[in-house]
Amino acid sequence: RLEQDEQTRLMMQALRGQNLNDAVAADAGVTMDVVEMRRSSGEGDELPLAFEPDKLKAYFAKRPGAMARRVMQIASKSAALGAGVLVDLLRGNTEDIEVRRAVELRRTIVSLGPFFIKLGQALSIRPDILSPRAMVELQQLCDKVPSFDSRLAFATICEELGVASVSEVFSEITPEPVAAASLGQVYKATLRETGDTVAVKVQRPFVLETVSLDLHLAREFGLLLRRVPNVANRLDLVALIDEFGSRFYQELDYVVECENGVRIAEDMKVLPKVVIPKCYPQHTSRRVHTAEWVEGEKLSQSTADDVGALVNLGVITYLTQLLETGFFHADPHPGNMLRTPDGRLVILDFGLMCEVSEKQQYGMIEAIAHLIHRDYDLIGQDFINLDFIPEGTDLSPIVPALSRVFDAALAGGGAKSINFQELASDLADITFEYPFRIPPYMALLIRSISVLEGIALVGNPSFAVIDEAYPWLSRKLLTSRSPRLREALRYMIYGRTGAFDVDRVIDLLQALEKFVAVRDRGDGSAFKVDGVRGSQTVGSAG
C-alpha cells in the first residue's frame, strides 16, 4: 500500500510538472555535441525539411562517415552511465537505480543534443510508457546549454535574411545572446524600419542535420527491436519516433512557428487580457525568427495578487484553443507563461502546436456531461471516441474500474471539485491493467492544465481546475448551434430520466456570467468568498 501511495505521489508530481527545470542558464560543465557533415551535393541529395523516413535513409546512406561519428559520440557519452548501471545490475543493487543514476542520465541526455532532450521531455508526460519515478526524473532535464559563437549567429541572420550586415535589419542588437537553448539562442534587438523592440531567435548550426540523423538512427534501432517479441509487445519505438519526429521538424522550421504565432494571435483576440507577441514574417526565415519583445515575469514565479485570476484566464485560454479553435499550444512550460507589469497574461513560443479534431472536441464535452451524471457506461464509449481505448475493445471489465476511479474523484463534492492531477494519476494507473493508451494530444493537454493548476495551488490549495473550466463549458453548451452539443446540453439538464433539473440550469447561467467576467476583464481571483470572485458576484458556479 505504501509503495502504491508513493507511486501515486510521484505520478501527481510528474503530471503537475512540479519538477520541471526552469533554469535560465546551463548547468556547470554541460556541453552539447552536434554532427558537422558535408552539405547537399545537388538535386536528389537534399536533406528533407519535413520528417520523411525513406528520404532520410537515402540521404544518410551517402554519409556513412557522419553516421559512424554520431554512433561513436553517443557510445562515448553514454559509456560511463552504461557501465554504472551494469555494475548496479551485477551487484544486485537495483533498488532506486532510477534515483541514484538520475543526474548522470540527465547530463548524458543534454550532452547528446536536442533530439535526446526533447524526446526525454516528451516521454516525461507519458505514464503509459514510463514509470512515475522515471517521469519525475526526466522532467528535470534542462534545455539550457552554452551559447554558440555570436559571429556564427550573425552570419546566419545575414544568410537567412539576405543582407550583407545585421545592421541593415536591426539598428541595435545585443552582442551576446540573452538566452540559449538546445535549438537556438535569443538576442534582444531593435528593428531599423519601425523602431520596435524584438526578440531574434537564431537556430544553432547543424541542428537540423544532427536531429535528422538521430531520428534516422533511432528509427532504424526501433525496426530492429520489432524483431524482439518481449520488447515489441511493450513498446513500438518506430511508432513513437514517427509521432515525435513530425512534431520536432515543425519546431525546427521558424517560418512555421511564425505562421502559428500569427494564427494564434488572431484566435486569441476574443480574450483581451491575453497577450500574444506580434510576429514579423518579413524578418523571419527557416532558421531566424523575429517577434515582439514583451516584458514580464514568469507566472510560476510571480508573487502578484492577481496570479490566481491569470491562472483562471489561462484555463479559459487553453480551453478556447482546445475546444473552440482546435489549434492548441502544445509546449506547456512555466517559462512560456508570463505576467506583464500591467497584469496581463503572455503566452510565448508557438513552435509546437497540436490540431484537435471536431470529433475529439465534442467527445471531451460529452464525456464531462456523462461524468456529471455518473453514467459510466457512456464514459467507456467516450474513451473509445477520444482514442484512449481501441475500437472493438470489450468494455465490460473496464467500466467497473472507471466507475471506481470516478466515484472516488466525485466523492468530495461533484465534478467541479475534482482534483485534476489525482484523477489523471488514477486513470494512468489503470493504463497498466487494461488496453489504454494516452493519445498524443491528451498527454499535452494533461500537462498544460496540470501546469496551470500547479501554479494556482501554490496560492490556493483548494483550487480545482474543473471548477474553473465549468464557465467555459457552460458558455459553449448554451451558445453553440451544433446539433451534437445541443443534445449534450439537453442531457446536462434532463439526464437519462428526462426530469428537468432547474438547479442545473441556474448553475449553467451563473457560470456563463463568470465566463464573461474572466474573458472580458480578467476578473476572477482563484480565491472565492461567499460566491464573490474578485469584484464579480459569480454564485455557486464559480
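FYI, side chains are in, hydrogens and waters are out, and symmetry mates aren't considered; it's all heavy atoms of this structure.
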**Study point:** Heavy-atom check, side chain of Tyr59 versus side chain of Glu46, under 4.5 Å
**Key:** no
Point to revise | Ala58 backbone acceptor or donor facing His216 side chain under 3.5 Å | key: no
Practice item. Indicate whether any N or O donor in one side chain lies under 3.5 Å from an N or O acceptor in the other, for Gln381 and Asn385. Key: yes
Review point. Centre of Phe244's six-membered ring, under 6.0 Å away, within 45 degrees of the axis: is that where NZ or CZ of Lys118 sits?
Key: no
**Study point:** Sub-4.5 Å side-chain heavy-atom contact between Lys201 and Asp349
**Key:** yes
Check your understanding: So, the side chain of Gln321 versus the backbone of His329: is there a donor-acceptor pair under 3.5 Å, distance only?
Key -> yes
Exercise for review: For the residue pair Leu208 and Leu49, establish whether any side-chain heavy-atom pair is separated by less than 4.5 Å.
Suggested key: yes
Review point. Between Ser480 (side chain) and Leu477 (backbone), is there a donor-acceptor pair under 3.5 Å?
Key: no
Review point. Any side-chain heavy atom of Gln510 within less than 4.5 Å of one from Ser474?
Key: no
**Study point:** Donor-acceptor contact present, side-chain Thr325 to main-chain Phe327, <3.5 Å
**Key:** yes
Practice item. Measure the shortest side-chain to side-chain distance between Phe328 and Met353 over non-hydrogen atoms and say whether it is less than 4.5 angstrom. Key: no
Point to revise | CA sep, side-chain torsions, deciding dist, call: Glu266, Arg263, salt bridge (charged side-chain N to carboxylate O under 4.0 Å, His left out) | key: CA-CA 5 Å; Glu266 184 65 28; Arg263 177 177 171 183; over 6 Å; no
**Study point:** Phe248/Phe51 aromatic ring centres below 6.0 Å
**Key:** no
Check your understanding: Ser403 side chain to Val399 main-chain N or O, any donor-acceptor pair under 3.5 Å?
Key -> yes
Exercise for review: Answer whether the closest heavy-atom distance between the side chains of Glu251 and Pro114 falls below 4.5 Å.
Suggested key: no
Exercise for review: Could you tell me whether the side chain of Leu112 reaches within less than 4.5 Å of the side chain of Ser78, counting heavy atoms only?
Suggested key: yes
**Study point:** Note, Gln250 side chain near Glu257 side chain (heavy atom, < 4.5 Å)
**Key:** no
Review point. Got a donor-acceptor contact below 3.5 angstrom from the Glu366 side chain to the Asp382 backbone?
Key: no
